[in-house]
Amino acid sequence: MKVLQFFSNRITVARVYGIPVRIDYRWFVVVGLSIWLIAANLQNHAIQVANVSLGPMGPAGAWLLGFISTMGLFVSVFGHELSHALMARAEGIEIEEIVLHPFGGMARLRNQPQNPRAELRIAMAGPAASFLFALLAFAAAKVAALGGYAATVIIFFLIGWGNLLLAVFNLFPGYPLDGGRVLRAIIWKRSGSITEATRMAGICGILIGGILILFGAYIMIAPNWRASQPYFMGGWSILVGLFLLDTAARVVKSAHGARVLTVGDTMSMPVSIEPDLTVSKLVDEVLPLHRQTSFPVAINNQLHGILALEDLKSLPRELWRATRARDVMRPIGPRFFVDPSATLEYAKELMKRNGVGALAVVNTNGDLVGFHQNGRLRRR
Ligand SMILES: [Zn+2]
C-alpha cells in the first residue's frame, strides 16, 4: 500500500546499474555521529600522520573535514555492497535492493546462491573491494603527503582505515558477516547440506555478537582503557554485537525449519554407458532395462558426455551398428553436470536450459556419482 510505504523507514535515494539504493532513516543518525566524532577530535587534538601534522583546527574546518571523510566512508560502504551485488548478478541472481543501515549495508538478493561456489564468490566480493579501496586511499594519502596537503592526507587516511576495518571486520567468520557466508559456503561444500551449513555459520555469528557485547562492556568499565571515547566505543560495540546476535539467532531459527533439498538428496545412481558402445547395442540391450531418455557416457566414473535419445532420431537405422556413443553424445560441458551440494532448484533450472533435461552429478574428485533427469522414457 502506498500510504504504508510512505511511512516505512527507508527512502530510495538512487538507482545504480538498475539497483534501487535505499537508506534507513536511522542511518542519518550514524552519519551525524561520525561527522561529530571526527570534527570533535580534529578540534581538540593535533593529528600527526606520517610526516604531516594538522590542528587543532577551528570548528569550520573540522566540521568540513568530518563531513567529507564521512561521505568518503559512506561511498566506501556503498562500494562494498555494490561489489557483492554485481558479483551476484554475474552469478545469475537478481538484486532486490542495496540498503544502507546504521551498521553498514546490505545487498539484498532476490534468491539464494544456488551452490557453494557462487556463495563464496559473492561473499568475497565485498571485502575484496574494501581492501582495494583501502589500498587506493592509502596511496592517495601518500601522494597528498608528498605535496604537503595535510587536510587531504587526513581525509584519505581516515577513509583508508575505515575500509581496512570494514574488510577485516566483515571477514569475522560468523553469519551474517561476509566471513560467515564464506564459512557457510565451505561447510555447505563439505557436508552437502546448506541447512547444516547455515546453522553452523549462524551459531558462529551468535558467538561473535556475544564477544562484541562483552568487549564493549569491558571498554566501558575498564578503568585504564585508553580509548579516546570509551563510552562511545563501548556502546557502539555493544550495539553492533546486539545487531549481529539478533540477525544470527533468526537465521539459526529459520534454518531449523526449512530444509533445502540438494542434488545429493534426490539423485539416482548413475546408469552410464561407455563411449565405445554402439547405438544398436544401446537400443537392444540397455534401453529395455533402463528406460531413460538420456545416459551419462563415462569410463571408470569419468564423465565424457551425455547421450540424449532425442539426438538419435536423425540417425538412420542402418547406421546404428557402426555408430558409437562417443559419435552422437553431447560432449561434457558445464551445462551437463553439477556438484552434489548444489540445490535442487538450481539443478532444475540448469536442466531446463541445457536441452537434455538431465544432469550428471559429479563430486569434487571428478567422479560420476549420480544422475538427475526430468522424465522417463514412455512406452511406445
Ligand atoms: Zn559484505
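Quick caveat: nothing in here was measured; it's all calculated off a predicted structure. Whatever order the structure lists ligands and atoms in, that order sets their numbers, starting from 1.
For the residue pair R321 / S280, no side-chain donor-acceptor distance below 3.5 Å is found, with atom types taken as modelled. Side-chain polar atoms of T278 and R324 form no donor-acceptor pair below 3.5 angstrom.
Both the sub-6.0 Å distance and the 45° axial angle are not jointly satisfied by R330 relative to the ring of F336.
Using a cutoff of 4.0 Å between basic side-chain nitrogens and carboxylate oxygens, K189 and D339 are scored as salt-bridged.
For S272, the side chain to side chain contact (heavy atoms under 4.5 Å, CB included) partners are P296, A298, L368, not counting sequence neighbours.
Side chain of T247 to main chain of F243: a donor-acceptor pair is present (N/O by atom type, distance under 3.5 Å, no hydrogens or angles).
Of all protein N/O/S atoms, those lying under 2.8 Å from the Zn ion (ligand 1) come to 4.
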